[in-house]
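These notes concern the structure reproduced below.
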2 protein chains.
Amino acid sequence: MTQQKKSIPSMVKDPKLIEKRREQIVEAAVGLFISKGFHKTTTREISRASGFSIGTLYEYIESKEDVLYLVCDAIHQEVEKRLKEVLVDATSGVEKLRSAIKGFYHVMDEMQDRVLLIYQEIKSLPKEPMRYVLGKEEEITAIFEEILEHGMQDGSLKIEQSAVKLMAHNIVVLGEMWTFRRWSLQKHYTLEQYINIQTSLILGELTTN
Amino acid sequence: MTQQKKSIPSMVKDPKLIEKRREQIVEAAVGLFISKGFHKTTTREISRASGFSIGTLYEYIESKEDVLYLVCDAIHQEVEKRLKEVLVDATSGVEKLRSAIKGFYHVMDEMQDRVLLIYQEIKSLPKEPMRYVLGKEEEITAIFEEILEHGMQDGSLKIEQSAVKLMAHNIVVLGEMWTFRRWSLQKHYTLEQYINIQTSLILGELTTN
DNA sequence: TTTCAACGACCGAGCGTTCGGTCATACATC
DNA sequence: GATGTATGACCGAACGCTCGGTCGTTGAAA
C-alpha cells in the first residue's frame with residue numbers, strides 16, 4: 001500500500017551531512033515557496049537562503065523539482081506526526097472522532113501556509129514523486145477511515161458502509177478547506193466556530209441516518 | 001460587491017475581431033494549460049494553437065498572464081451560466097436545494113478539467129485579476145447561500161443563521177472536491193453515488209439540527 | 001598525499017516580448 | 001477602370017535576459 005519513498009542521489013558521501021544539509025534546504029525553500037511560489041523561486045535563491053552556494057546545492061539534489069519533493073514530503077511528515085500525537089488519547093467511538101477532527105483542524109490552522117503550499121504546487125512534481133505525495137494524502141484519509149470504522153464497531157456511529165471512505169475524505173477536505181478558502185472563511189468565522197459547525201455537520205448525518 | 005472586470009488593452013481596432021480572436025486564444029490555451037500547466041506552456045505554443053503567429057498574439061494581449069486571466073474568466077462564466085440554467089425550475093425549499101446540488105455537481109463533473117485548472121493556476125495571476133476571479137467564486141457561493149435562506153424562510157430547512165454561509169461554502173467545495181480528489185474518489189464512487197451521499201450529508205444536519 | 005565538501009564563474013537553451021516590415025483591402029482621385 | 005495612398009491586421013526574426021545546471025578549482029582535514 002505505502003509507496004516506496006523516492007531517495008534522491010547525492011554526490012556527498014556522509015549521510016549525516018546529507019540529512020543536515022537537506023534540512024537546511026527544506027527550511028529555506030519552504031519559506032521561499034510560500035512567499036513566491038515554486039516557479040518564481042530560483043535555485044540560486046534557495047542556495048543562498050540555505051546558507052551555501054549554487055554549486056553546493058547541487059551536491060545534494062539533482063534538480064529543482066527534487067527540492068519541491070523534499071519540501072512536500074517534509075510537510076506531510078509533519079502533518080502526519082502531529083495528527084498522530086493528537087490521537088493518542090484512546091477514548092472510544094464518537095468522542096474519538098470528535099477529538100480527531102478538532103485536533104486535525106487545529107493542525108491545519110497552525111500549518112496553513114504549508115498545507116496550502118502542497119495544494120498549489122503538487123502538480124509541478126514529476127509523475128512518480130507526485131504519486132508518492134498523493135499516497136501520503138490517502139494515508140491521512142485512511143486514518144480517519146479507521147476511526148470511523150472503530151466508531152461503527154462500538155455502535156456509537158452509524159453510517160452506510162459505502163459512505164465511510166467518502167466521509168473520511170470529507171473530513172480531510174473540510175479541514176484543508178480552512179486553508180484554501182481562508183480568504184473568505186477566516187473573515188467570517190473563528191477556528192473554534194468553524195470546528196463546531198463542521199463537526200456537527202459531520203456527526204449530524206452520522207448519528208441520525 | 002461585484003468587482004470591476006479588468007479589460008485588457010489591444011492594438012487592434014475592431015472590437016468584433018478582438019472578441020473572435022480572444023475566443024480562439026482561450027480555446028487554444030485551455031487545452032494547453034490543462035495538459036501542460038500554465039508555466040510550462042509557451043506563448044509560441046499558444047499562438048500556434050490559436051492559429052496565428054506570436055506577433056499577432058501580442059496584438060490582443062499584453063502579457064502571458066493576460067491569457068490565464070482570459071481563461072479563468074471564461075471558465076467561471078461558463079460555470080455560472082450552466083449553474084443558472086439548472087436553477088430555473090422554481091420548486092421551493094429543500095427540493096430546490098437538492099436539485100441545485102445535483103445540477104452543480106453535474107456541472108463540476110462535466111467541467112472537471114477546467115475547474116481543476118482554475119484551482120491549480122489561480123495563484124499565478126497577478127494580484128488584481130486574482131481578486132476578481134476569487135470574487136467570482138464568492139458569487140457562486142452566494143447563489144447557494146440564497147437558496148439556503150429561501151429554504152429557511154419557507155420552513156423546509158432549519159440551520160443556525162451563523163452556519164448558513166459556511167454551509168454554502170461546503171456545498172461548493174464538496175462539488176469541487178469531486179475534481180481535485182478524483183484520483184481517489186472516482187475510483188470508488190460513481191457521480192450518482194457521490195451526489196447522493198453528499199446530499200444526505202448536507203441535508204442530514206440541516207433537517208435534524 | 002589523498003579525499004572530498006564547498007565554491008562560483010561559466011554555459012547555453014529557452015523564454016517573453018518587441019518591432020520593422022509585408023500585404024490585402026478600402027477608398028479617393030483622375 | 002486605372003492608379004495612388006492610407007489603413008491596420010498579421011508576421012516572425014531577433015533581442016535581452018533569466019535560470020537550471022556544470023565543472024575546474026580551492027582548501028581543510030585526515
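Values below: all heavy atoms of this structure, side chains included; hydrogens, waters and symmetry mates excluded. Here the structure is a predicted model, which is why all the values come from computation and not from measurement. Below, chains carry the letters A, B, ... as their sequence lines are ordered, and counting in each starts from 1.
- Residue B:Ser53 has no polar side-chain atom (N or O) positioned under 4.0 Å from OP1 or OP2 of D:dC10.
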Please report the C-alpha distance between A:Arg182 and A:Asp113 in whole Å, then the side-chain angles of each, then the deciding distance to 0.1 Å, and finally whether the salt bridge (charged side-chain N to carboxylate O under 4.0 Å, His left out) criterion is met. CA-CA 11 Å; A:Arg182 59 182 179 192; A:Asp113 293 334; 3.0 Å; yes
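- Taking 4.5 Å as the limit, every side-chain heavy atom of B:Thr199 sits out of range of all side-chain heavy atoms of B:Lys102.
- Taking the side chain of A:Thr56 as heavy atoms from C-beta on, and the options C:dG16, D:dG21, C:dC7, the nearest nucleotide is C:dC7.
- As judged by a 4.0 angstrom heavy-atom cut-off over every strand, A:Phe52 is placed among residues touching the sugar-phosphate backbone only.
- If you check D:dG20, C:dA5, D:dG12 against the side chain of A:Val12, the one that comes closest is C:dA5.
- Summarising the geometry, the separation between CZ on A:Arg48 and P on C:dC7 is reported as 13 Å, rounded to the nearest angstrom.
- Listed pair B:Tyr60 / D:dA9 fails the phosphate criterion, with no side-chain N or O lying under 4.0 Å from OP1 or OP2.
- The CE-C1' distance, from B:Met11 to C:dG20, rounds to 15 Å in whole Å.
- For the pair B:Tyr58 and D:dC10, the criterion of a side-chain N or O lying under 4.0 Å from OP1 or OP2 is not met.
- Between A:Tyr119 and A:Phe180, the gap from one ring centroid to the other is short of 6.0 Å.
- Side-chain proximity of B:Glu59 to C:dA5, D:dG8, D:dC10: nearest is D:dC10.
- B:Lys64 places its NZ atom 8 Å from the P atom of C:dC15, with the value rounded to the nearest Å.
- Atoms NZ (B:Lys16) and P (D:dA9) sit 15 Å apart, rounded to a whole Å.
- Remark: of the listed residues B:Val71, B:Leu68, B:Leu32, B:Leu125, B:Leu68 is the sole one forming a side-chain contact (heavy atoms from CB on, under 4.5 Å) with B:Phe38.
- Per the geometry, CG belonging to B:Asp66 stands 13 Å off C1' belonging to C:dG16, to the nearest Å.
- Interface residues of residues 17-42 of chain B facing DNA chain D, ordered by number: B:Leu17, B:Arg21; criterion, heavy-atom separation under 4.0 Å.
- Mapping B:Lys13 and B:Gly55 onto DNA chain D by nearest heavy atom places B:Lys13 at the nucleotide closer to the 5' end.
- As a whole-Å value, the separation of B:Asp14 CG from C:dA26 P is 13 Å.
- On a pure distance criterion of 3.5 Å, a polar donor-acceptor pair joins the side chain of B:Arg44 and the base of C:dT17.
- Note that B:Lys64 lies outside the cation-pi zone of B:Tyr58, set by a 6.0 Å cut-off to the ring centre and a 45° limit from the axis.
- The aromatic rings of B:Phe144 and B:Phe104 lie perpendicular to each other, with more than 60° between the two planes, well past the 30° mark.
- Between A:Ile46 atom CD1 and D:dG20 atom P there is a gap of 7 Å when expressed in whole angstrom units.
- Distance, A:Ile61 CD1 to C:dA5 P: 16 Å, rounded to whole Å.
- Looking at A:Thr56 and A:Ser53, their side chains do bring a donor and an acceptor atom within 3.5 Å of each other.
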